[in-house]
**Student:** 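Dropping a structure here in structure tokens format, bear with me for questions.
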There are 2 protein chains.
Amino acid sequence: MARPKAFDQDTVLVKAMHVFWARGYAGTSLDDLVAAMGINRQSIYNTFGDKHSLFMRCLKMYWQYELDRVYEGIKGDKAEDRLRSMMHEISHLATSSGEMGCMLLNSLGELAPQDQAVVDFYLKIDHESIQSMSNRISAGQENGEFESHFNPSAAAKFLIALSIGIRTLGKVMPGNQDFSEIADFAIDVLKKR
Amino acid sequence: MARPKAFDQDTVLVKAMHVFWARGYAGTSLDDLVAAMGINRQSIYNTFGDKHSLFMRCLKMYWQYELDRVYEGIKGDKAEDRLRSMMHEISHLATSSGEMGCMLLNSLGELAPQDQAVVDFYLKIDHESIQSMSNRISAGQENGEFESHFNPSAAAKFLIALSIGIRTLGKVMPGNQDFSEIADFAIDVLKKR
DNA sequence: ACTGTTTTTGAGCAGTTGATCCATTACTTT
DNA sequence: AAAGTAATGGATCAACTGCTCAAAAACAGT
């Protein structure tokens, strides 16, 4: 066999991810990556292909982290509680991510629509989110927690659009604490009265 | 006196704006600008200073256009009608801007937080928007159109976050028609019942 | 027509970009 | 220990970046 790699792929990927997250795609040079990842230029190309491939792997890794945190924040049994804790977790991410914001939204802002891979990646996530949220919303409607006069899918899109707005605001207003207030506002709206 | 400029500043600024809007800041090279604006490199530097100064002028010009369109879309006398037509206009912009999205949000995604000028520009707009919207909302509360139990400023932030989400979604899902549905959803929520 | 001032022009600067070449090193298996 | 294989390091590529220089051209006032 041959000489084994002297580094752990995930370890250096995390480092690359943070650089892309903080500085964007074009704003991150290969010199930056070499410095941050601590491995040689050629090793990057051998292992991850070109800059764009590396970026996509970082973006996907980022999203997995983000998704894990949102899901692990979900508490309770009622549809309302689960949706509320989900929106709270997103608000918390908006506050705690600070100036770096959401890497996925940053990437859309910078690279969409030219970069089809990024757009497609978002569209897949968007579809899954609508699916998952509207399921939860119709469950809440069926057991009488939520008003039943609105379309679950429309309500899901509403919550997603709001989440995107919250994440975006978190980036330009780091440390802002208003977001959970907005989240509560949006969930209260769905409730039956 | 001296030789006069052979071009109209606003005319070439509009052209530059469209390039920045479509390709982003880093994605637009000076060669691109020279080609699009139809004037010489040196004329750009003489007239507008460096690339970043030119960009900021384009960004401000963009926002003036956008603001004009939102305001001219406002119809009716009641607070509800005015807010609703405002949100509808934003939804319409999201649909009609196509893949280019909102230049201001694109710029935030690409350049915040490194570019303080862009961040500051947004923060000023954000402050003014909250001010203007929460005024309208409290007017609606006072004359009984809206529920009075919520904080006008919180509701304003809610609508702004939603608008940001809608504009972002418009970029990645060009031609989507769901946005006015989301807008109506948000306004209905404020109404007294 | 001349002068003074400014714009315009095209060439070209130094620095950076993503990517590649190739000799060297280091590991695994036999 | 030898052979085979793949990672590594450093130098370097051509292309492109934002920007500047100096000469030429074009206008306004006299």
Side-chain angles (χ1 to χ4, degrees), chain A residues 1-60 103 106-107 110-111 114-118, chain B residues 1-60 103 106-107 110-111 114-118:
Chain A
M1 281 298 176
R3 176 178 179 179
K5 286 185 194 298
F7 57 89
D8 178 61
Q9 285 209 17
D10 279 348
T11 306
V12 297
L13 263 182
V14 170
K15 291 176 179 171
M17 180 191 84
H18 275 93
V19 185
F20 277 129
W21 187 2
R23 322 240 281 244
Y25 180 73
T28 302
S29 74
L30 269 154
D31 284 341
D32 294 334
L33 291 168
V34 169
M37 297 168 82
I39 63 177
N40 188 270
R41 215 181 188 73
Q42 189 68 29
S43 299
I44 298 178
Y45 281 93
N46 287 342
T47 314
F48 304 105
D50 63 7
K51 185 188 180 186
H52 189 264
S53 305
L54 173 61
F55 176 76
M56 289 307 295
R57 288 202 49 180
C58 291
L59 185 56
K60 283 165 184 169
M103 183 181 170
N106 294 350
S107 305
E110 178 183 359
L111 302 172
Q114 286 88 352
D115 191 325
Q116 196 60 44
V118 174
Chain B
M1 283 298 176
R3 178 176 178 179
K5 286 186 195 297
F7 58 88
D8 178 61
Q9 286 209 15
D10 279 348
T11 307
V12 297
L13 263 182
V14 169
K15 290 177 179 171
M17 178 191 85
H18 276 93
V19 185
F20 278 129
W21 188 2
R23 322 240 278 246
Y25 181 72
T28 302
S29 74
L30 269 152
D31 284 342
D32 294 334
L33 290 168
V34 168
M37 297 168 81
I39 64 176
N40 188 271
R41 218 182 188 69
Q42 189 68 24
S43 299
I44 298 179
Y45 280 91
N46 287 342
T47 314
F48 304 104
D50 64 7
K51 186 189 180 187
H52 190 264
S53 305
L54 174 61
F55 176 75
M56 288 307 295
R57 288 202 48 180
C58 291
L59 185 57
K60 282 165 185 171
M103 184 181 169
N106 295 351
S107 305
E110 179 184 357
L111 302 173
Q114 287 88 354
D115 192 325
Q116 196 59 44
V118 174

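Quick note on labels: first sequence line is chain A, next is B, and so on, each numbered from 1.
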**Student:** Has A:K60 got its NZ or CZ under 6.0 Å from the middle of the six-membered ring of A:F55, at an angle within 45 degrees of the ring axis?
**Tutor:**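 Judged by the rule, A:K60 and A:F55 form no cation-pi pair.
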**Student:** With rounding to the nearest 0.5 angstrom, report the CZ to OG distance, B:F48 to B:S53.
**Tutor:**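 Atom-to-atom, B:F48:CZ and B:S53:OG are 11.0 Å apart.
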**Student:** Distance check needed: D:dC27 P versus B:F7 CZ, whole Å only.
**Tutor:** 14 Å
**Student:** I'd like a list of close polar pairs between nucleotides 17-21 of chain C and the protein, N/O only, cut-off under 3.5 Å.
**Tutor:**
| residue | atom | partner | partner atom | Å |
| --- | --- | --- | --- | --- |
| C:dG18 | OP1 | A:T28 | O | 3.2 |
| C:dG18 | OP1 | A:K51 | NZ | 2.6 |
| C:dG18 | OP2 | A:L30 | N | 2.7 |
| C:dG18 | N7 | A:R41 | NH2 | 3.4 |
| C:dA19 | OP2 | A:Y45 | OH | 2.9 |
| C:dA19 | OP2 | A:K51 | N | 3.1 |
| C:dA19 | O5' | A:Y45 | OH | 3.3 |
| C:dA19 | N7 | A:R41 | NE | 3.3 |
| C:dA19 | N6 | A:R41 | NE | 2.4 |
| C:dA19 | N6 | A:R41 | NH2 | 3.0 |
| C:dC21 | N4 | A:Q42 | OE1 | 2.5 |

**Student:** So, taking the atom named CG in A:L54 and the one named OG1 in A:T47, what distance separates them when rounded to the nearest 0.5 Å?
**Tutor:** 9.5 Å
**Student:** Could you tell me the separation between the CE atom of B:M37 and the P atom of C:dT8, rounded to a whole number of Å?
**Tutor:**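 Result: 11 Å.
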**Student:** Atom CZ of A:R57 and atom CG of A:L13: how far apart are they, to the nearest 0.5 Å?
**Tutor:**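 If we round to the nearest 0.5 Å, A:R57:CZ and A:L13:CG are 5.0 Å apart.
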**Student:** In this structure, how many angstroms lie between the C1' atom of C:dT7 and the CZ atom of B:F48, rounded?
**Tutor:**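 Taking CZ of B:F48 and C1' of C:dT7, I get 14 Å after rounding.
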**Student:** Any salt bridge (Lys or Arg N to Asp or Glu O under 4.0 Å) pairs touching residues 30-44 of chain A, not counting sequence neighbours?
**Tutor:** A:R23-A:D32, A:D31-A:R41
**Student:** For the side chain of B:N40, starting at C-beta, report the closest nucleotide among C:dT8, C:dT9, D:dT8.
**Tutor:** C:dT9
**Student:** In Å and rounded to the nearest 0.5 Å, what is the CG to OH distance from B:N106 to B:Y25?
**Tutor:**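 It comes to 15.5 Å.
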**Student:** With a cut-off of less than 4.0 Å, is there a side-chain N or O of B:S43 near OP1 or OP2 of C:dT8?
**Tutor:** yes
**Student:** Specify the separation, in whole Å, of atom CG of B:N46 and atom C1' of C:dT5.
**Tutor:**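 My rounded result for the distance is 13 Å.
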